Trainee: 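First the structure, which I've put down as structure tokens, then a few questions once you've had a look.
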Amino acid sequence: MPGSGFRGNPRQLWNAFLWSMKGLQAGWRHEASFRLEAMLAVVLVPLGLWLGHGALEKIALVLPAVLVLSGELLNSAIEAVVDKVSPEFHELAGRAKDMGSAAVFLLLVFTMLCWGLILVPRWI
């Protein structure tokens, strides 16, 4: 339920930060895919900052890794809610989970595309 009064005071910002950290912690603790993608990001982000020529290339190499992590957290949130609401199989529940998984897959493909479009021409 939304609070009333001034929004964005330091206490609310701090609480929002803490909730975000709880979400990252939950993703790390409960989701093997998130851990794998986070370890990949730990490699790709510094590598992208090193290999990128100029700010735009650096962004194009780093941003997809961050988007994959965000997509994985959203996918995990969808799966958690679906499992909470209906633990037994339902076609719509399965569809929601499959679509979340597909979104993460597309982000991974986007990551490979960005890296390929930037780095492959340098080797050719």
Side-chain angles (χ1 to χ4, degrees):
M1 183 151 56
S4 60
F6 177 70
R7 304 283 300 184
N9 65 50
R11 182 173 197 92
Q12 287 175 323
L13 294 174
W14 180 250
N15 286 337
F17 171 78
L18 292 177
W19 294 324
S20 296
M21 293 303 103
K22 276 181 70 175
L24 286 171
Q25 184 180 35
W28 182 265
R29 180 175 292 148
H30 301 289
E31 298 297 330
S33 295
F34 181 78
R35 289 191 297 272
L36 180 64
E37 291 155 355
M39 288 185 272
L40 185 63
V42 165
V43 173
L44 289 182
V45 168
L47 198 57
L49 292 172
W50 181 56
L51 291 174
H53 294 165
L56 291 180
E57 276 192 10
K58 290 177 190 295
I59 290 169
L61 293 173
V62 170
L63 182 62
V66 176
L67 291 175
V68 167
L69 292 175
S70 300
E72 186 62 50
L73 288 172
L74 290 170
N75 181 43
S76 298
I78 290 167
E79 289 180 354
V81 169
V82 166
D83 289 344
K84 169 70 174 159
V85 170
S86 176
E88 67 275 349
F89 178 78
H90 187 279
E91 180 184 348
L92 293 176
R95 190 182 312 161
K97 288 180 166 189
D98 291 346
M99 290 163 66
S101 179
V104 175
F105 173 75
L106 289 175
L107 289 169
L108 289 166
V109 170
F110 175 66
T111 301
M112 291 186 297
L113 180 67
C114 288
W115 280 76
L117 287 173
I118 290 172
L119 298 179
V120 169
R122 294 183 190 174
W123 297 328
I124 296 176

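Remember, it's a predicted structure, so these values are computed and weren't measured experimentally. The basis for the numbers below is simple: all heavy atoms, side chains too, and nothing from hydrogens, waters or symmetry mates.
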Trainee: So which atom in C114 and which in L61 form the shortest heavy-atom distance, rounded to 0.1 Å?
Mentor: O-CD2, 4.2 Å

Trainee: For side-chain contact (heavy atoms from CB on, under 4.5 Å), just list the numbers for E79 and N75, CA-CA rounded to whole Å, side-chain angles, deciding distance to a tenth of an Å, and then say yes or no.
Mentor: CA-CA 6 Å; E79 289 180 354; N75 181 43; 3.6 Å; yes

Trainee: Using every non-hydrogen atom in the two residues, find where A41 and A65 come nearest and quote the distance to one decimal.
Mentor: CB-CB, 4.2 Å

Trainee: Look at the side-chain heavy atoms of Ile, Leu, Val, Met, Phe, Trp and Tyr, link any pair under 4.5 Å apart, and say whether W50 and L44 land in one connected group.
Mentor: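 Yes; L44 is reachable from W50 via cluster members.
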
Trainee: Linking I/L/V/M/F/W/Y whenever their side-chain heavy atoms sit closer than 4.5 Å, directly or via other members, would L73 and L69 fall into one cluster?
Mentor: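 L73 clusters together with L69.
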
Trainee: Hey, could you give me each pair passing ring pair (Phe, Tyr, Trp, His ring centres under 6.0 Å) that has a residue in residues 85-124? Not counting sequence neighbours.
Mentor: none

Trainee: Which atom names give the shortest non-hydrogen contact between T111 and P64, and what distance separates them?
Mentor: OG1-CB, 3.3 Å

Trainee: Listed by chain and number, what are the side chain to side chain contact (heavy atoms under 4.5 Å, CB included) partners of R29, not counting sequence neighbours?
Mentor: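 For R29, the residues satisfying side chain to side chain contact (heavy atoms under 4.5 Å, CB included) (neighbours in sequence not counted) are Q25.
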
Trainee: Taking all atoms of both residues into account, what is the closest heavy-atom pair of L107 and L67, and its distance?
Mentor: CD1-O, 3.3 Å

Trainee: Out of curiosity, does L24 fall in the hydrophobic cluster containing W14 (side-chain heavy atoms, cut-off under 4.5 Å, transitive links)?
Mentor: yes

Trainee: Provide the closest heavy-atom pair for F34 versus W28 in the form atom of the first, atom of the second, distance.
Mentor: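 F34 and W28 have their closest heavy atoms at CD2-N, 3.5 Å.
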
Trainee: Kindly give the heavy-atom pair with the smallest separation between A96 and V82, and that separation in Å.
Mentor: CB-CG2, 4.2 Å

Trainee: Please round to the nearest 0.5 Å and tell me the distance separating atom CG of L49 and atom CD1 of I59.
Mentor: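 Nearest 0.5 Å value for the CG-CD1 distance: 10.0 Å.
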
Trainee: According to a hydrophobic-cluster definition based on side-chain heavy atoms being under 4.5 Å apart (Ile, Leu, Val, Met, Phe, Trp, Tyr only), do I118 and V62 belong together?
Mentor: no

Trainee: Hey, does the side chain of S70 reach the backbone of V66 with a donor-acceptor pair shorter than 3.5 angstrom?
Mentor: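 Pair found, side chain donor or acceptor close to backbone of V66.
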
Trainee: Start with the C-alpha gap between V104 and E37, add the side-chain angles, then the distance that decides, and say whether side-chain contact (heavy atoms from CB on, under 4.5 Å) holds.
Mentor: CA-CA 10 Å; V104 175; E37 291 155 355; 3.7 Å; yes

Trainee: Count I, L, V, M, F, W, Y as connected when their side-chain heavy atoms are under 4.5 Å apart, and connections chain through other members. Are V45 and L40 then in the same cluster?
Mentor: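 Each belongs to a different hydrophobic cluster.
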
Trainee: Identify whether the distance between the nearest side-chain nitrogen and carboxylate oxygen of R95 and E91 falls below 4.0 Å.
Mentor: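 Result for this pair is yes, salt bridge flagged.
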
